[in-house]
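Worksheet for the structure shown next.
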There are 2 protein chains.
Amino acid sequence: MADQLVKNLFGDPVDTANKRHSARKENLEVILRHGERIFAEFGFKGATMQAIADAATLPKANLHYYFPTKMALYHEVIERIFTIWLEAADSFDTSASPREALSRYIRKKMEISRAHPHGSKVWANEVIHGAPIIQDYLQTTLKDWTNTRIDVINRWITEGKIDPVDPRHLLYMIWATTQHYADFQHQVVTLNGGTPLDDAQWQRATENVTHIILKGIGI
Amino acid sequence: MADQLVKNLFGDPVDTANKRHSARKENLEVILRHGERIFAEFGFKGATMQAIADAATLPKANLHYYFPTKMALYHEVIERIFTIWLEAADSFDTSASPREALSRYIRKKMEISRAHPHGSKVWANEVIHGAPIIQDYLQTTLKDWTNTRIDVINRWITEGKIDPVDPRHLLYMIWATTQHYADFQHQVVTLNGGTPLDDAQWQRATENVTHIILKGIGI
DNA sequence: CCTCATCCTGACCAATTGGTCAAAGGTTTA
DNA sequence: TAAACCTTTGACCAATTGGTCAGGATGAGG
């Protein structure tokens, strides 16, 4: 078939060559996307497989074909969110200057809050409810990442590049503030007269957050 | 009966004079306290009347005697939390200097995060899930309060007392950061080696938050 | 074509859970 | 003491919902 002759730049057959394979991929994608939204909106218990199925316009039994249990689907949703979190984490360039490293990190986190508010909400939900699923991440990946950044920030302090603040609380402040625009989106929108922040407002928010935090630590 | 002769300073009969009345009060208190905790821990849907009843060591049917529906109980829990929020709001003294007004407000909010983490979590849950219950508060009381504070902060800016930051984002930063210690308590504790913050650590957190924010706006 | 493996789905089941109710047990008041 | 009232509670019900399953549909490979 002609379809099967389609190749990408590396000469590998493109996934869409196989109807089954591509349909599978598409379905997984749709389920995960709507699952994330429904979980964010109603919490784990409040979200129903039926609601996710309806959103994805698939019969409920079909969801159970791809994900044996609700928990399995939830796990997968969390997994994806963590990937995004890692992406932001990478943008904290430890070799850059404090000003550059922090402002880039803050900007990246603000972008994520705008692009993936649902994911952020699911994560927040998890933590609020005692992190039954992500406890592992918190104790390993997140803790390690945090400790290396704390070291870097402490070095900046020693070198007199920033004020002697507790790095831990600086990081918490960055997390809390940037994620606020995703997690408390509804409140932010309500206080904005009911309309979502536009491009200019997001930029203004990012600038304000960056300004206050950087100046706040003496940069 | 002797009991009925007990009076308070105003001459009113003390509630405890009446066995029924005091038992009622006590039960309401116990149900609301445990309800708040269970709602915070599992979300509205995840919390079950049975779980709250067990925590309060009362039969489930008894809960329904005091609160006809789960939603009615939840409403009452939210109502109480809002009272605490108002208490913090009052501490933002608009007649004080920027330094005094803000540092007092931040300290108060940190104290509330420490004293009422469950309440804060329930509130966060509400907003994350689109504020189905508290929408009214957001649009009226919260919005009004916010607008008056924005005016005050703008006056400070005009008078050159603080940097020209967007008051809105300054407030969001204060809310996000202070509430982070309650809502993300589990994450904070995990990154603290699994032990809750002690007195000194809370004080250090408050100092850091206050320092960065105040210096960040040029005070 | 034809066979096989994969995918889809309506109907169904069992467990959970919010809420009801009638009867019993206390407390207050006259 | 006795009547009126309030509170407590076990047993029960109906609705929701996660998950199952058997049989049908569809695409891949020979």
Side-chain angles (χ1 to χ4, degrees), chain A residues 1-6 13-32 34-35 38-39 41-78 132-133, chain B residues 1-6 13-32 34-35 38-39 41-78 132-133:
Chain A
M1 283 179 224
D3 267 357
Q4 291 181 332
L5 295 177
V6 177
V14 164
D15 289 338
T16 52
N18 185 311
K19 244 184 180 175
R20 279 226 177 113
H21 197 217
S22 69
R24 180 177 195 85
K25 220 173 168 182
E26 171 67 16
N27 280 341
L28 284 170
E29 171 58 29
V30 167
I31 295 170
L32 286 168
H34 286 96
I38 303 282
F39 280 130
E41 202 163 334
F42 302 98
F44 176 74
K45 194 72 199 268
T48 68
M49 291 300 269
Q50 188 62 61
I52 297 171
D54 290 347
T57 55
L58 288 171
K60 190 184 65 155
N62 208 0
L63 260 66
H64 279 99
Y65 175 73
Y66 288 104
F67 300 95
T69 64
K70 183 182 180 182
M71 188 55 92
L73 169 55
Y74 185 69
H75 253 102
E76 201 61 31
V77 166
I78 289 276
I133 307 295
Chain B
M1 283 179 224
D3 267 356
Q4 290 181 330
L5 294 177
V6 176
V14 164
D15 289 336
T16 51
N18 185 313
K19 241 184 183 176
R20 274 211 187 129
H21 198 215
S22 68
R24 180 177 196 85
K25 218 172 170 182
E26 171 68 16
N27 281 341
L28 284 171
E29 170 59 29
V30 166
I31 295 170
L32 287 167
H34 286 96
I38 302 283
F39 280 129
E41 202 163 335
F42 302 98
F44 177 74
K45 196 70 198 273
T48 67
M49 292 299 269
Q50 189 62 62
I52 298 171
D54 289 347
T57 55
L58 288 170
K60 190 184 65 153
N62 207 2
L63 259 66
H64 280 98
Y65 174 73
Y66 288 103
F67 300 94
T69 64
K70 185 183 178 180
M71 188 55 93
L73 169 53
Y74 184 68
H75 253 104
E76 200 62 31
V77 167
I78 290 278
I133 307 296

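Worth saying up front: this structure is predicted, and the values here are computed from it rather than measured. Just so it is clear: chains get the letters A, B, ... in the order the sequence lines come, proteins before strands, and each one is counted from 1.
Between A:K45 and C:dT17, a side-chain N or O to OP1/OP2 separation shorter than 4.0 Å is present.
For B:I38 and C:dG18, the CD1 to P distance is 12 Å, given to the nearest whole Å. Per the geometry, CZ belonging to A:R24 stands 12 Å off C1' belonging to C:dA5, to the nearest Å. Atoms CG (B:N27) and P (C:dG26) sit 16 Å apart, rounded to a whole Å. Between the CD atom of B:E26 and the P atom of D:dC6 there is a distance of 21 Å, rounded to whole Å. Rounded to a whole Å, the CZ atom of A:F44 is 15 Å from the P atom of C:dT16. Straight-line distance from the NZ atom of A:K70 to the P atom of C:dT16: 14 Å, rounded to whole Å.
The end-to-end axis angle of the helix from C:dC1-D:dG30 to C:dA30-D:dT1, rounded to 10 degrees and based on five pairs per end, is 10°.
Within the 4.5 Å cutoff, no side-chain heavy atoms of A:I52 are placed close to those of A:F42. Side-chain contact between B:F67 and B:L63 is absent, with no heavy-atom pair separated by less than 4.5 Å. Contact check for A:E76 versus A:L28: no side-chain heavy atoms found under the 4.5 Å cut-off.
Near DNA chain C, meaning a heavy atom under 4.0 Å away, the residues from residues 50-67 of chain A are A:P59, A:A61, A:N62, A:Y65, A:Y66.
Taking every heavy atom of both residues into account, B:P59 and B:A53 meet most closely at C-CB, 4.2 Å. Closest approach of A:F39 and A:A47 over heavy atoms only: CD2-CB, 3.5 Å.
Taking CD1 from A:I38 and CZ from A:F44, the interatomic distance works out to 14.0 Å, rounded to the nearest 0.5 Å. From B:L58, atom CG reaches atom OH of B:Y66 across 8.0 Å, with rounding to the nearest 0.5 Å.
Every residue meeting the side-chain hydrogen bond (donor to acceptor under 3.5 Å, both in side chains) condition with A:D54, not counting sequence neighbours, appears here in chain and number order: A:Q50.
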